[in-house]
Asker: 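My structure is below; once you've seen it, I'll send some questions.
Computed from a prediction, not measured in an experiment: that's the story for all the values here.
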Amino acid sequence: AILYRTNSQSRVFEEYLRSYNLPYRVYGGTSFYQRKEVKDLIAYLRLAVNTKDEEALRRSVNYPKRGVGKTTIDKISELASQTNTTMWENLTKVKVSSRARNSINGFIAMVSIFQTKAQTLNAYEVATHIAKKSGLVDLLKADTTIEGMGRLENINALLDGINEFVEDDTVEEGAQTTSDKSLASYLQNIALLTDADNEATTTDYITLMSVHSAKGLEFPAVFVVGLEEKLFPSFMSMDTAEG
């Protein structure tokens, strides 16, 4: 078992285990890449690389909300099916209200800028720009609850991971290496797996879990990561002698 305290630590070890094809399960929580806010940002990243990605388009076209409701999205999808074209190609063709039209046009213009930047900037620069300009960061910052702050932390952890990808000299791709630091290369190198894909197919697997979730459980071998001053235990425990 690998025990962690923060979501960013979980993300690092998920990437590590996947890169070595080591079977694992996330216990008592959701895999980092399956968290909603992480999938929301990745949808924008995918769309910036490939506008034919209809799953990414559906997820991002009205999030944060911009007045493109389910009825409008269904119309776009139906028109795409009828003409055997992509949903992206039909964004300008579908008949909608003037409000929805303005929202769609704004979305198209925004994604077009993302596409241009994806061709010239590295993955971290593009992702940081997209996170801000898409409105996702502002939306999460507006939620000052503990859960909201946790979701913002996850976005920052994802951006940290992309920055690590850019700063690494090489990125493993099986037996080959690449120095391509583009957004497209990053998306090819992360394993965007569903929970079902993450299910270990063998009884021999590594368990990823928080320290608190591990209470009362037993494992043959346990690694507690991040045992560093002011990180774990938390810096908040150092305010008083009792802490």
Asker: I'd like to know if the side chain of Asn62 reaches the main chain of Val68, judged simply by a donor and an acceptor atom lying under 3.5 Å from each other, with no hydrogens or angles considered.
Answerer: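 Yes; judged by distance alone, with no hydrogens or angles, the pair exists.
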
Asker: Which pair of heavy atoms, one from Lys141 and one from Leu152, lies closest together, and at what distance?
Answerer: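 The answer is CG-CD2, 3.8 Å.
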
Asker: With heavy-atom distances below 4.5 Å as the criterion, would you say the side chains of Asn163 and Thr128 are in contact?
Answerer: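 Result no, sub-4.5 Å side-chain heavy-atom pair not found.
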
Asker: Determine whether a donor-acceptor pair (N or O, by modelled atom type, separation under 3.5 Å) exists between the side chain of Lys95 and the backbone of Lys75.
Answerer: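 Checking the backbone N and O of Lys75 against the side chain of Lys95, no donor-acceptor pair under 3.5 Å is found.
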
Asker: Please check: side-chain N/O of Asn90 versus main-chain N/O of Thr86, any donor-acceptor pairing under 3.5 Å?
Answerer: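 Flag set: sc Asn90 to bb Thr86 pair under 3.5 Å.
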
Asker: Within a radius of less than 6.0 Å around CZ of Phe219, do more than 12 heavy atoms belonging to other residues, nucleotides or ligands occur?
Answerer: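 Yes - once you tally the heavy atoms of other residues, nucleotides and ligands closer than 6.0 Å, there are more than 12.
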
Asker: Can you name the nearest heavy-atom pair linking Pro64 to Ser134, along with the distance?
Answerer: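 Heavy atoms of Pro64 and Ser134 come nearest at CD-O, 3.3 Å.
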
Asker: Between the side chain of Ser103 and the main-chain N/O of Arg99, is any donor-acceptor distance below 3.5 Å?
Answerer: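 Confirmed, Ser103 side chain pairs with Arg99 backbone.
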
Asker: Rounded at 0.5 Å granularity, tell me how far CG in Leu57 sits from NZ in Lys52.
Answerer: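 Result: 13.5 Å between the selected atoms.
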
Asker: Measuring only between side-chain heavy atoms, which start at C-beta, is Leu159 closer than 4.5 Å to Tyr124?
Answerer: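 Heavy-atom side-chain distance check passes, below 4.5 Å.
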
Asker: Which atom names give the shortest non-hydrogen contact between Leu187 and Leu45, and what distance separates them?
Answerer: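 Answer, listing the atom of Leu187 first, then Leu45: CD1-O, 3.6 Å.
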
Asker: Got more than 12 heavy atoms from elsewhere within 6.0 Å of CD, Glu164?
Answerer: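 Enclosed.
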
Asker: Any chance the side chains of Ser210 and Ser213 put a donor and an acceptor closer than 3.5 Å?
Answerer: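 Their side chains do contain a donor-acceptor pair, which is all the 3.5 Å distance test asks for.
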
Asker: To the nearest 0.5 Å, what is the distance between CG (Leu3) and NZ (Lys215)?
Answerer: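 Taking CG in Leu3 and NZ in Lys215, the distance rounds to 12.0 Å.
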
Asker: Kindly indicate whether the side chain of Met110, heavy atoms from C-beta on, has any atom under 4.5 Å from the side chain of Tyr44.
Answerer: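 Yes, close enough: below the 4.5 Å cut-off.
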
Asker: Could you tell me which non-hydrogen atom of Glu54 sits nearest to which non-hydrogen atom of Met87, and how far apart they are?
Answerer: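 Smallest interatomic distance, heavy atoms only, reads OE2-N, 3.1 Å.
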
Asker: Among pairs that include at least one residue of residues 107-121, which meet side-chain hydrogen bond (donor to acceptor under 3.5 Å, both in side chains), considering only residues two or more places apart or in two chains?
Answerer: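 Sorted pair list comes back empty.
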
Asker: Look at the side chain of Arg101 and the backbone N and O of Val94, then say whether any donor-acceptor pair between them is shorter than 3.5 Å.
Answerer: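 Flag set: sc Arg101 to bb Val94 pair under 3.5 Å.
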
Asker: Measure the shortest side-chain to side-chain distance between Thr51 and Glu89 over non-hydrogen atoms and say whether it is less than 4.5 angstrom.
Answerer: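 Counting from C-beta outward, Thr51 and Glu89 never come under 4.5 Å.
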
Asker: Have a look at Ile76 and tell me which of Leu91, Val96, Thr71 forms a side chain to side chain contact (heavy atoms under 4.5 Å, CB included) with it.
Answerer: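 It is Leu91, the one option of Leu91, Val96, Thr71 that forms the side chain to side chain contact (heavy atoms under 4.5 Å, CB included) with Ile76.
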
Asker: Check whether Ile113 and Leu121 end up in the same hydrophobic cluster, where Ile, Leu, Val, Met, Phe, Trp and Tyr are linked by side-chain heavy atoms less than 4.5 Å apart.
Answerer: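 Ile113 and Leu121: separate clusters.
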
Asker: Verify whether one side chain among Ser77 and Arg58 offers a donor that lies under 3.5 Å from an acceptor in the other.
Answerer: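 Yes.
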
Asker: CG/Asn122 to CG/Asp180 distance, rounded to the nearest 0.5 angstrom?
Answerer: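 Result: 10.5 Å between the selected atoms.
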
Asker: Assigning hydrophobic clusters by single linkage (Ile, Leu, Val, Met, Phe, Trp, Tyr; side-chain heavy-atom cutoff under 4.5 Å), is Leu22 placed with Tyr24?
Answerer: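 Yes; tracing contacts between hydrophobic side chains, which count when under 4.5 Å, links both residues.
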
Asker: Do Val137 and Ile146 land in one hydrophobic cluster if side-chain heavy atoms of ILVMFWY residues count as linked below 4.5 Å?
Answerer: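 Cluster IDs for Val137 and Ile146 differ.
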
Asker: Report the C-alpha distance between Leu136 and Ile155 in whole Å, list the side-chain angles of each, state the deciding distance to 0.1 Å, and finish with yes or no for side-chain contact (heavy atoms from CB on, under 4.5 Å).
Answerer: CA-CA 9 Å; Leu136 290 177; Ile155 290 295; 5.6 Å; no

Asker: Please give me the minimum heavy-atom distance between Phe32 and Arg35, naming the atom from each residue.
Answerer: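 Looks like CA-NH1, 2.7 Å.
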
Asker: Could you list all the ring pair (Phe, Tyr, Trp, His ring centres under 6.0 Å) pairs where at least one residue sits in residues 66-93, not counting sequence neighbours?
Answerer: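 Residue pairs with at least one partner in residues 66-93: there are none.
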
Asker: Without swapping roles, check the side chain of Asp143 against the backbone of Met149 for a donor-acceptor pair under 3.5 Å.
Answerer: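 Not a single qualifying donor-acceptor pair exists.
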
Asker: Taking all atoms of both residues into account, what is the closest heavy-atom pair of Leu208 and Glu14, and its distance?
Answerer: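 For Leu208 versus Glu14, the nearest heavy atoms are CD1-CG, 3.5 Å.
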
Asker: Return the set of residues passing ring pair (Phe, Tyr, Trp, His ring centres under 6.0 Å) with Tyr186 (not counting sequence neighbours), or none when no residue passes.
Answerer: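 Applying ring pair (Phe, Tyr, Trp, His ring centres under 6.0 Å) to Tyr186 gives Phe165.
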
Asker: Could you state the interatomic distance from NZ (Lys39) to CG (Leu158), rounded to the nearest 0.5 Å?
Answerer: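 If we round to the nearest 0.5 Å, Lys39:NZ and Leu158:CG are 13.5 Å apart.
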
Asker: Would you say Arg66's side chain and Ile104's backbone share a donor-acceptor pair under 3.5 angstrom?
Answerer: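 Not a single qualifying donor-acceptor pair exists.
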
Asker: Under 4.5 Å between side-chain heavy atoms, hopping through other hydrophobics if needed: is there a path connecting Val26 to Tyr16?
Answerer: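 Result: yes, single cluster for both.
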
Asker: Does the side chain of Glu153 come within less than 4.5 Å of Glu37's, by heavy atoms?
Answerer: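 With C-beta onward as the side chain, the pair stays apart.
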
Asker: Could you state the interatomic distance from CD1 (Ile206) to CG (Leu17), rounded to the nearest 0.5 Å?
Answerer: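 If we round to the nearest 0.5 Å, Ile206:CD1 and Leu17:CG are 4.5 Å apart.
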
Asker: Under 4.5 Å between any side-chain heavy atoms of Tyr27 and Leu217, yes or no?
Answerer: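 Yes, their side chains come closer than 4.5 Å.
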
Asker: Taking the side chain as everything from C-beta on, heavy atoms only, tell me whether Glu55 gets closer than 4.5 Å to Arg46.
Answerer: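 Yes, at least one pair of side-chain atoms sits under 4.5 Å.
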
Asker: I'd like to know whether CD of Glu218 has more than 12 heavy-atom contacts from other residues, nucleotides or ligands below 6.0 angstrom.
Answerer: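 No - once you tally the heavy atoms of other residues, nucleotides and ligands closer than 6.0 Å, there are 12 at most.
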
